[in-house]
There are 2 protein chains.
Amino acid sequence: MKINDAANVLSALALEGRLAIFRLLVKAGPGGVKAGDIAHAVSANASTLSANLNVLSHAGLIEGRRDGRAIYYAARYDRMSDLLAFLMDDCCNGTPEICLPLINIATRAASCAHDQAEHEETTRSAQAASVQA
Amino acid sequence: MKINDAANVLSALALEGRLAIFRLLVKAGPGGVKAGDIAHAVSANASTLSANLNVLSHAGLIEGRRDGRAIYYAARYDRMSDLLAFLMDDCCNGTPEICLPLINIATRAASCAHDQAEHEETTRSAQAASVQA
DNA sequence: TCGATATTTTGAGTAATGTTGAATTATGAA
DNA sequence: TTCATAATTCAACATTACTCAAAATATCGA
């Protein structure tokens with residue numbers, strides 16, 4: 001990912017209303033949510049919502065698929081992870097030992113995935129995974 | 001971290017020029033970089049730079065410390081990790097198994113910290129750390 | 001104190017962004 | 001075909017954001 005691309009994605013997320021939309025879609029999962037339901041959930045005017053969906057869409061963060069008269073929007077996790085990789089890169093290439101707080105949240109996220117995958121010893125593995133500072 | 005706070009931080013990073021500044025400071029480490037040197041590195045006008053440093057500063061992403069007539073600016077890693085934690089949270093609370101690409105970059109980042117800390121078997125541990133999809 | 005250096009603040013001009021109601025397009029059902 | 005529903009596009013407006021030169025502030029050395 002290039003820096004201007006990253007700036008574009010960040011800018012798409014930089015408005016509270018759009019960030020709320022994106023988070024809703026991340027939580028909702030790959031099935032997506034109808035535009036109308038999104039509008040209701042974040043209490044937004046229809047045209048405002050449409051404009052904001054368009055911005056998120058152009059940034060590659062979400063995608064829409066038509067089903068009847070509804071359009072379902074879903075988060076693109078790959079794009080999100082590209083952004084996070086871009087943001088973390090500098091830390092790795094620079095002075096990694098400084099980035100521990102950042103690394104710790106990454107580790108916590110990773111353990112959350114394992115917990116989900118394995119369904120066992122949730123708390124213990126989360127603690128064990130944490131890097132000590 | 002609240003959503004409006006997150007939107008604010010994202011908005012501070014959402015301009016290519018500011019993102020370049022922030023990345024420079026992340027790479028530079030806790031010692032920071034003189035404002036003048038930043039201006040030279042990103043080839044920015046002095047007042048433009050000052051305005052942008054101010055935005056990053058208000059977002060809590062950097063902080064300045066005066067040393068003689070120079071002011072050194074340094075990245076605040078804790079703030080950055082707060083943001084990343086905020087962005088990853090939804091994934092954990094929603095449908096974690098979907099977030100694997102995202103989790104993988106987190107794991108890679110974590111292993112990069114371990115590599116730095118332990119200085120051994122760099123490639124093997126990075127591969128082992130990766131979650132299989 | 002005076003001059004030089006480093007940075008910020010101010011003020012102005014320009015560009016970009018966000019919001020909204022009204023009109024439009026697309027789909028499905030009677 | 002005609003009507004109702006779902007969503008987008010359009011056009012206008014208000015607001016905010018960006019950049020820059022010039023002036024102001026702060027610090028240091030002579």
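Just so it is clear: chains get the letters A, B, ... in the order the sequence lines come, proteins before strands, and each one is counted from 1.
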Legend entry - Non-hydrogen atoms of A/Met1 and A/Leu83 that approach each other most closely: SD-CA, 3.9 Å

Legend entry - A/Arg79 bridged to A/Asp5 by N-O distance under 4.0 Å: yes

Legend entry - Donor-acceptor pair under 3.5 Å, A/Ser50 side chain vs D/dA7 base: no

Inset, instruction - Report which part of the nucleic acid A/Tyr73 touches: base, sugar-phosphate, or nothing (heavy-atom distance under 4.0 Å, all strands). - result: sugar-phosphate

Inset, instruction - In whole angstrom, give the distance that lies between atom CZ of B/Arg18 and atom P of D/dA17. - result: 9 Å

Legend entry - Whole-Å distance separating the CZ atom of B/Arg69 from the P atom of D/dT27: 11 Å

Inset, instruction - Send over the distance from B/Arg66 CZ to D/dT25 P, rounded to a whole Å. - result: 14 Å

Legend entry - Test item: A/Asn8 and B/Glu16 side chains (from C-beta on) under 4.5 Å apart, heavy atoms: no

Inset, instruction - Ignoring backbone atoms, test whether A/Ser47 places a side-chain nitrogen or oxygen under 4.0 Å from the OP1 or OP2 oxygen of D/dT8. - result: no

Inset, instruction - Write down the distance between CG (B/Leu53) and C1' (D/dT19), rounded to a whole number of angstrom. - result: 14 Å

Inset, instruction - For A/Ser43 and A/His40, indicate whether the former's side chain and the latter's backbone hold a donor-acceptor pair under 3.5 Å. - result: no

Legend entry - Side-chain touch A/Val26/A/Met80, heavy atoms, less than 4.5 angstrom: no

Inset, instruction - Please work out if B/Leu15 contacts a base, only the sugar-phosphate, or nothing of the nucleic acid, heavy-atom cut-off 4.0 Å. - result: sugar-phosphate

Legend entry - Separation of D/dA6 P from A/Ile38 CD1 (nearest whole Å): 14 Å

Legend entry - Interface with DNA chain D, restricted to residues 54-61 of chain A and to heavy atoms under 4.0 Å: none

Inset, instruction - Calculate the interatomic distance between B/Asn45 atom CG and D/dA22 atom P; express it in whole Å. - result: 11 Å

For a quick test of your reading: what N or O donor-acceptor pairs under 3.5 Å do the side chains of residues 60-75 of chain B make, sequence neighbours left out?
{"residue": "B/Arg65", "atom": "NH2", "partner": "B/Gly31", "partner atom": "O", "Å": "2.3"}
{"residue": "B/Arg66", "atom": "NE", "partner": "B/Gly68", "partner atom": "O", "Å": "3.2"}
{"residue": "B/Arg66", "atom": "NH2", "partner": "B/Arg69", "partner atom": "O", "Å": "3.4"}

Inset, instruction - Starting from the 5' end of DNA chain C, give me the residue, B/Ala51 or A/Ala46, whose nearest nucleotide shows up first. - result: B/Ala51

Legend entry - Side-chain heavy-atom pair A/Leu49, A/Asn45 within 4.5 angstrom cut-off: no

Inset, instruction - Write down the distance between CG (B/Leu49) and P (D/dC18), rounded to a whole number of angstrom. - result: 14 Å

Legend entry - Over-ring placement of A/Arg23 relative to B/Phe86, 6.0 Å and 45° cut-offs: yes

Inset, instruction - Round to a whole Å and report the spacing from CG of B/Leu13 to P of D/dA17. - result: 15 Å

Inset, instruction - Respond yes when some side-chain nitrogen or oxygen of B/Asn52 is under 4.0 Å from OP1 or OP2 of D/dT19, and no when none is. - result: yes

Legend entry - B/Val55 reachable from B/Leu19 in the ILVMFWY side-chain graph, under 4.5 Å edges: no

Legend entry - Segment of DNA chain C, first to last nucleotide, that comes within the 4.0 Å heavy-atom reach of chain A: C/dG18 to C/dA29

